[in-house]
Amino acid sequence: MTGMNYFNYIRNNITEILNNLKKTGCLPVSVDIANFSVEPARDRNHGDIATNVALALSKSANLKPRDLAQEIVACLKINDEIESVEIAGPGFINIILKDIFWQTRLVEVLKNGNEYGSIKKDLNKLINIEYVSANPTGPMHVGHGRGAVVGDVLANLLGKVGYRVTKEYYINDAGTQIDILTKSLFFRYQEALGLDVGNMPEEYYPGDYLAELARNLAEKDGDKWVQIIKEEGYASLKQVSIEAMMELIRSDLFSLGIVHDVFVSERDIVNNNEVTEALETLKQKGLVYQGVLEPPKGRRPDDWEPRPQTLFKATQFGDDVDRPVKKSDGSWTYFATDMAYHRDKFKRGFKDMINIWGADHSGYVKRMKSAVVALTDGLGQLDVKICQMVNLMDNGKPLKMSKRSGTFVTLRDVIDEVGKDVVRFMMLTRKNDAQLDFDLVKVKEQSRDNPVFYVQYSHARCCSVLRNALDIFNKSEIDDNDLIKADISLLTDSSEINLIKIIASWPQVVLGAAESHEPHRVAYYLYELSSAFHSLWSKGSKERVSLRFLVPKNRTLTLARLAMVRSLAITIASGLEVMGVEPLEEME
RNA sequence: GGCCCCGUAGCUCAGCUGGAUAGAGCAACAGAUUUCUAAUCUGUAGGUCGCAGGUUCGAAUCCUGCCGGGGUCACCA
């Protein structure tokens, strides 16, 4: 890893001590020493690091927690990077590291630049992340945008911690919605040709984007599609409309800075017989049968009737009911093709899969997970992240949206209004499973309660200091290689050490966010980091002028502080890079 | 009615997979501006972590049951 994960460092230290204690007989050999935590102390006053190792192991070691802690503490004191160790409460061990330990972290940052916090690629760690997968029936809306950002940033995070990531988009191009899309397009096309087709049927897609596409088609091809459809049906026009819609979506995604590696078509899955194969696999396992489902309890749909169906035994894997795989007209259900699709992912070598879905799909999670377990004999691992709704607001008031009334705000509208970076950052200011308010006015405010601005501003301030440093130094005296050699032991003020500690925790934040699949943690981390910096800045600007970064009379001290400021800028930029947000060097 | 998510300060939300006295921002109140960009900072006040049980050395966190809000519910995708 580029940059030390200091919790792991201490953990390894303790593990070593425990093994030694086993050798000397202080600790029974049978004790499992894997399960204990090494974490930041909740209260800073308790120290930099706290571990519950003595509490966690006392029972199986048959020792009192504080006695065991005593033994461990005695050994920890030998580590000369540790300032002090003490036992607290029922048996916690609190560790304070020496300033020089923290100061040295800056060297790591400067050495690694934007790679700070990254872990070397492990070619065997494959992971597939499927996100967006919006139906190709129109432009993306803001809800899609959230899933897009969450997925994309999670992909970046996983890449940063060493995974070989494949970013994937599943094109739902096989269902009835596409038929409606095609008919809607044909309707508009006939209109564009000046033919009298009456009013548009209720179920058709009314959007302007289709009318526009139809006009282009009429201009380019004349009336040739009327003939084609009469003779051959909708197949080739369907192809045209899917391609056009995907182009629209790709361009929406591109304006958010998102480019998928792989697009998989549902029709290809069906045409390649993969659904049949997947179902055959399940049949052989005895997981498919003909049966009649109970009606949904409580609220029975009007048109419900008992009907024999081909069912997958999802209940055997924790789902609530068994799930149909065939429609009454004999074609596959969406679930059936989706099963085949996930089997396809697994066959391509992905044991680890992540799907990012919208809130409206939450009822679908259990069956999909069941299917993955069934199809891969439990070897495949699927995690589904559900993104809750985005409530668009206009200065505190909810924005009423309706496709029909034309007040519908697309993702593209929002990006045009506030910019890609703001959209990306804001989408991560809540955890994915909580609803998110997106206020078009507030995100443009330049104040502390706008996190995008607040973080950008701290980066700009760093850059400002480095620019002003050119009054004291030549450019060639303060590049990163020079700053590495600065006497960082001069950074001793508690505000400085505090800032450095937060900088030093970036590698853990990256790893934690990646492993728990929680990209929002990056946004919160950057906010905290920025706050520590603004605080130090203000201290220097008035209370104690001695804390200013630039001290013209003391070049050595200034260099040390520049090393810190530069490290901070690198860390913020590195975090923003993960989020896909451009760091600003100057703000007006 | 079943399932999924949410419920933490007046408001908007964090809480690092079970740790110690539960944290930020906004709003309120009191301060700091001849600046390395005050677009910022410092302080005060504010809580029965929805309710009730359970698990254990220890629960906002895990389990069960309620209450409230949102989403979803065979042959749509």
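Below, read A as the first sequence line, B as the second, and so on, with proteins coming before strands; counting in each chain starts at 1.
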Counterpart residues, ring-ring contact (aromatic ring centres under 6.0 Å, His included), relative to Phe425(A) (two or more places apart): none
For Tyr169(A), what residues pass the ring-ring contact (aromatic ring centres under 6.0 Å, His included) criterion, not counting sequence neighbours? His260(A), Phe263(A)
Looking only at atom C1', what distance separates G70(B) and C26(B), rounded to whole Å? 24 Å
With rounding to the closest Å, how many angstrom separate the P atoms on A32(B) and C49(B)? 38 Å
Using a heavy-atom cut-off of under 4.0 Å over every strand shown, decide if [X] touches base, sugar-phosphate, or nothing.
X: Glu294(A); result: nothing
X: Glu39(A); result: sugar-phosphate
X: Asn135(A); result: sugar-phosphate
X: Tyr524(A); result: sugar-phosphate
X: Gly175(A); result: sugar-phosphate
X: Arg461(A); result: sugar-phosphate
X: Tyr364(A); result: base
X: Pro451(A); result: nothing

Partners of Lys64(A) by side-chain contact (heavy atoms from CB on, under 4.5 Å), sequence neighbours excluded? Asp67(A)
Which residues pass the side-chain contact (heavy atoms from CB on, under 4.5 Å) test with Asp433(A), sequence neighbours left out? Lys431(A)
RNA chain B: 5'-proximal contact among Arg521(A) and Ser328(A) (nearest heavy atom): Arg521(A)
Judged by each residue's nearest nucleotide on RNA chain B, which is more toward the 5′ side, Gln177(A) or Ala460(A)? Ala460(A)
Whole angstrom value for the distance that separates [atom2] of [N] from [atom1] of [X]:
X: Gln508(A); N: U17(B); atom1: CD; atom2: P; value: 11 Å
X: Phe549(A); N: U37(B); atom1: CZ; atom2: P; value: 11 Å
X: Glu528(A); N: C16(B); atom1: CD; atom2: C1'; value: 11 Å

How is the base pairing of RNA chain B summarised as a dot-bracket string, given the Watson-Crick and G-U wobble criteria with both distances under 3.5 Å, [ ] for crossing and | for another strand? (((((((..((((.....[...)))).(((((.......))))).....(((((..]....))))))))))))....
Does [N] have OP1 or OP2 under 4.0 Å away from a side-chain N or O of [X]?
X: Lys431(A); N: C13(B); result: no
X: Ser464(A); N: U37(B); result: yes
X: Lys326(A); N: C75(B); result: no
X: His361(A); N: C5(B); result: no

Any idea which of [options] is nearest the [X] side chain?
X: Asn468(A); options: C41(B), U72(B), U37(B); answer: U37(B)
X: Lys327(A); options: U40(B), U17(B), C76(B); answer: C76(B)
X: Glu266(A); options: C41(B), U12(B), A77(B); answer: A77(B)
X: Ala434(A); options: A14(B), C5(B), C41(B); answer: A14(B)
X: Ser535(A); options: C75(B), U42(B), C6(B); answer: U42(B)
X: Met389(A); options: C13(B), U40(B), G71(B); answer: G71(B)
X: Asn172(A); options: A77(B), U37(B), U17(B); answer: A77(B)

Hey, could you give me each pair passing salt bridge (Lys or Arg N to Asp or Glu O under 4.0 Å) that has a residue in [range]? Not counting sequence neighbours.
range: residues 356-370 of chain A; value: Asp320(A)-Lys366(A)
range: residues 463-475 of chain A; value: none
range: residues 435-450 of chain A; value: Glu417(A)-Lys444(A)

Donor-acceptor pair between His342(A) and Asn355(A) side chains, under 3.5 angstrom: yes
Glu130(A)/Lys345(A) ion pair, N-O < 4.0 Å: yes
Can you name the atoms? Protein N/O to nucleotides 2-4 of chain B N/O, anything below 3.5 Å, with the distance.
unit_1 : atom_1 : unit_2    : atom_2 : d
C3(B)  : O3'    : Lys366(A) : NZ     : 3.1

Mind checking what makes salt bridge (Lys or Arg N to Asp or Glu O under 4.0 Å) contact with Asp338(A), not counting sequence neighbours? none
Contacts of type salt bridge (Lys or Arg N to Asp or Glu O under 4.0 Å), residue Arg521(A), not counting sequence neighbours: Glu518(A)
Could you write out each protein N or O paired with an N or O of nucleotides 20-25 of chain B at a distance under 3.5 Å?
unit_1 : atom_1 : unit_2   : atom_2 : d
A20(B) : OP1    : Arg42(A) : NH1    : 2.9
A20(B) : OP2    : Arg42(A) : NE     : 2.7
A20(B) : OP2    : Arg42(A) : NH1    : 3.1
A20(B) : N6     : Asn94(A) : OD1    : 2.5
A20(B) : N1     : Asn94(A) : OD1    : 3.4
A20(B) : N1     : Asn94(A) : ND2    : 3.0

